[in-house]
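Written below as structure tokens is the structure these notes are about.
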Amino acid sequence: MRLTTRLLQGMMFALVMLISQLSAAADLTIEINRGNDDPLPIAIVPFSWQAGFTVPEDIARIVERDLHRSGQFAPIPREDMISRPDSSREVYYGDWKSLGVDYILVGKLGLNGSNGLSASYELMDVNTQRVIFTATDIASFSKARYLAHTISDRIYEKLTNIRGAFRTELLYVSSTRDTDKPRFRLIKSDIDGANEVVLLDQNQPIMSPTWSPEGKRIAYVSFETTRPAIYLHNLETGQREQLTNYPGLNGSPTFSPDGRKLAMVLSKDGSPDIYVMDLASRQLDRLTDHFAIDTEPAWLGDGKSIVFTSDRGGKPQIYSVALDGQQLQRLTFEGDYNARARVLPDDLGLILVHRNQGDYHIAIYDTKRRKMEVLTTTSLDESPSVAPNATMLLYATSYRGKGILAAVSVDGGVTYRLPSQYGDVREPAWSPFLD
């Protein structure tokens with residue numbers, strides 16, 4: 001077994017980075033460094049509110065940042081606004097047209113019961129001078145950011161015909177050092193890095209977090225027993241359950257599309273191979289059986305086949321296999337390294353880590369046309385995770401000597417970074433739609 005191959009190094013790369021990159025805390029920020037070449041000019045006017053209460057968040061500012069981060073919109077600065085209407089009746093379209101604005105969003109905030117916040121808003125087309133969308137959404141005061149993300153989702157979908165993903169969430173792993181002792185934290189946050197919740201905090205590494213399709217459970221690898229084991233974690237109850245404790249590797253868990261099974265990598269029988277566990281019965285079936293390294297499984301949308309990384313051909317490439325172990329085929333041929341594949345919704349292609357005589361980049365592979373397109377220009381890129389609307393993806397990379405998260409659109413036109421203010425973060429996992 002070729003344990004010196006880049007594939008095995010890749011399996012342990014995240015662990016090495018977690019141990020070697022140490023810091024004080026993880027607090028994600030967003031730095032947009034490239035947007036769409038022709039974004040829609042839009043004005044997100046600050047929402048008015050009733051006298052007598054304080055709004056816990058700047059709702060319009062959050063919407064503005066959401067839309068800007070998508071790369072599809074260019075919000076105008078507030079200081080450039082000639083007026084600040086809160087209803088369509090107060091809008092003078094000529095003023096906004098002179099600013100080069102195509103769309104304008106206005107709204108009002110109000111109370112909804114004793115602990116509720118309501119937002120009534122209107123979206124207008126400046127060029128046709130008409131209201132094209134109106135809505136009222138409510139949320140508790142503690143979920144004011146969720147209310148803002150809801151508005152962002154609705155505006156995004158109205159103007160792009162693509163479902164918005166601003167209400168989704170993010171899992172990632174941070175590494176910190178307190179008094180010379182490493183700490184590892186599994187963190188859940190909003191997709192913009194806000195509302196961080198520490199799900200697991202320990203002095204042993206955490207790797208490979210992954211979401212169930214309904215978004216209520218996660219799985220991950222923890223070294224808390226001093227060797228890797230796969231855990232199932234219920235986000236609603238906080239209950240954790242250890243699923244594996246086999247000798248050797250226990251890694252790369254990933255849920256089936258129906259959430260009933262978990263694919264994983266185990267080396268308990270020799271070489272690392274792909275196994276599938278039925279979560280109800282805990283029955284374990286071996287899917288691959290080869291002396292090479294088979295790792296990093298991902299399910300195709302029909303739940304009947306899995307793609308995975310293997311060096312059985314001499315170098316790491318992507319293969320697929322049916323759940324009965326039949327129909328095994330190699331999918332990638334371009335480049336000397338292709339790994340960590342993630343399936344786009346509707347099986348439209350694969351997002352993967354790709355190398356062709358150079359750095360490791362994130363690429364998209366069209367499985368039907370057999371065409372590879374590199375999306376990133378950073379180096380040492382790894383761990384891609386795709387948004388549920390298939391417009392953006394997150395990945396881990398290095399920037400100025402630190403491990404950070406970064407995002408890129410599936411067409412490569414939009415990029416932004418999510419570094420932490422204090423340290424290094426790794427292993428991003430983008431949630432499914434949660435509503």
Please assess L350 against D366 for the test side-chain contact (heavy atoms from CB on, under 4.5 Å), listing each intermediate value before the final yes or no.
-> CA-CA 7 Å; L350 303 175; D366 187 323; over 6 Å; no
All heavy atoms of L287 vs all of G325, minimum pair found to be CD1-N, 3.8 Å
Please answer whether the main-chain N or O of S281 pairs with a side-chain N or O of D278 as donor and acceptor at a distance below 3.5 Å.
-> yes
dist S222:OG -> L186:CG (nearest 0.5 Å) comes out at 9.5 Å
Check: Y416 and H68 side chains under 4.5 Å, non-hydrogen atoms = no
Can you check whether P345 reaches P388 side chain to side chain, under 4.5 Å on heavy atoms?
-> no
Do you know the tightest heavy-atom contact between S252 and V221?
-> N-CG2, 4.1 Å
Taking 4.0 angstrom as the limit, do D137 and R154 come out as a salt bridge?
-> yes
Could you tell me whether the side chain of T244 and the main chain of Y246 form a donor-acceptor pair under 3.5 Å?
-> no
Short side-chain donor-acceptor distance under 3.5 Å, D269 and Y275 | yes
Could you tell me whether R163 and E157 have a side-chain N and a carboxylate O separated by less than 4.0 Å?
-> no
Spacing of CG belonging to D294 relative to OH belonging to Y319, to within rounding of 0.5 Å | 9.0 Å
Exam field: side chain W211 to backbone A429, donor-acceptor pair closer than 3.5 Å = yes
Is it the case that R167 places NZ or CZ above or below the six-membered ring of F433, under 6.0 angstrom from the centre and within 45 degrees of the axis?
-> no
Does CZ in R370 sit with more than 12 non-hydrogen atoms of other residues, nucleotides or ligands closer than 6.0 Å?
-> no
Please round to the nearest 0.5 Å and tell me the distance separating atom CG of L67 and atom CZ of F166.
-> 5.5 Å
For the residue pair E57 and Y146, confirm or rule out a side-chain donor-acceptor distance under 3.5 Å.
-> no
Quick one: are W299 and V343 in side-chain contact, heavy atoms under 4.5 Å?
-> no
Of the non-hydrogen atoms in I364 and L344, which two are nearest, and what is the gap between them?
-> CD1-CD1, 3.6 Å
Distance col, row L111:CG vs W49:CH2, nearest 0.5 angstrom, shows 13.0 Å
Looking only at atom types and distance, does a side-chain atom of S271 sit under 3.5 Å from a main-chain N or O of F291, one as donor and one as acceptor?
-> yes
State, yes or no, whether a side-chain contact exists between D285 and M277 at a heavy-atom distance under 4.5 Å.
-> no
Side-chain (N112) to main-chain (G110) donor-acceptor, under 3.5 angstrom = no
Going by heavy atoms in the side chains, are R69 and M392 under 4.5 Å from each other?
-> no
Donor-acceptor under 3.5 Å (R286 side chain, T288 main chain) | yes
Between D153 (side chain) and A165 (backbone), is there a donor-acceptor pair under 3.5 Å?
-> yes
Counting heavy atoms not belonging to R260, are there more than 12 under 6.0 Å from its CZ?
-> no
Could you tell me whether the side chain of N203 and the main chain of R183 form a donor-acceptor pair under 3.5 Å?
-> no
Pair E427, Y172: side-chain N/O donor-acceptor within cut-off below 3.5 Å = no
I138, CD1 atom: more than 12 neighbouring heavy atoms under 6.0 Å = no
The single option from I191, D190, I187, V425 that satisfies side chain to side chain contact (heavy atoms under 4.5 Å, CB included) with L170 is I191
Would you check if there is a donor-acceptor pair between the side chains of E169 and S431 at a distance under 3.5 Å?
-> no
Of all the heavy-atom pairs spanning I151 and A119, show the shortest one and how long it is.
-> CD1-CB, 3.9 Å
For L380 and S398, which heavy atoms make the closest approach, and how far apart are they?
-> CD1-OG, 4.2 Å
Check the surroundings of atom NZ in K268: do more than 12 heavy atoms from other residues, nucleotides or ligands lie under 6.0 Å from it?
-> yes
Candidate pair R145 and D192, rule salt bridge (Lys or Arg N to Asp or Glu O under 4.0 Å), full reasoning = CA-CA 10 Å; R145 294 189 67 88; D192 59 2; 2.6 Å; yes
Please determine, by modelled atom types, if Q317 and T332 share a side-chain donor-acceptor pair under 3.5 angstrom.
-> yes
Report the C-alpha distance between Y220 and T210 in whole Å, list the side-chain angles of each, state the deciding distance to 0.1 Å, and finish with yes or no for side-chain contact (heavy atoms from CB on, under 4.5 Å).
-> CA-CA 6 Å; Y220 48 83; T210 185; over 6 Å; no
Q202, CD: over 12 other non-hydrogen atoms inside 6.0 angstrom | yes
Salt bridge between K402 and D424, side-chain N to carboxylate O under 4.0 Å?
-> no
Do I362 and L352 have side chains that get closer than 4.5 Å, going by heavy atoms?
-> no
Between the side chains of H290 and D273, is a donor N or O closer than 3.5 angstrom to an acceptor N or O?
-> no
Stepwise side-chain hydrogen bond (donor to acceptor under 3.5 Å, both in side chains) check, T225 with R227 | CA-CA 6 Å; T225 61; R227 67 182 184 185; 5.3 Å; no
Decide yes or no on side-chain contact (heavy atoms from CB on, under 4.5 Å) for V408 and V414, but give the supporting numbers first.
-> CA-CA 5 Å; V408 62; V414 179; over 6 Å; no
Start with the C-alpha gap between Q72 and Y156, add the side-chain angles, then the distance that decides, and say whether side-chain contact (heavy atoms from CB on, under 4.5 Å) holds.
-> CA-CA 9 Å; Q72 304 303 314; Y156 183 88; 4.2 Å; yes
Student check: side-chain heavy atoms of I42 and P75 closer than 4.5 Å | yes
N/O donor-acceptor pair under 3.5 Å between E296 side chain and R340 backbone | yes
Nearest heavy-atom neighbours spanning T309 and P316 | CG2-CB, 4.1 Å
Using the ring of each side chain (for Trp, its six-membered ring), is Y360 parallel, tilted or perpendicular to Y337, with breaks at 30° and 60°?
-> perpendicular
Please round to the nearest 0.5 Å and tell me the distance separating atom CD1 of I306 and atom CG of L328.
-> 11.5 Å
Gap separating the CZ atom of R240 from the CG atom of L232, nearest 0.5 angstrom | 10.5 Å
Does some side-chain heavy atom of Y399 sit less than 4.5 Å from a side-chain heavy atom of R417?
-> yes
Between the main-chain N or O of T397 and the side-chain N or O of R426, is there a donor-acceptor pair closer than 3.5 Å?
-> yes
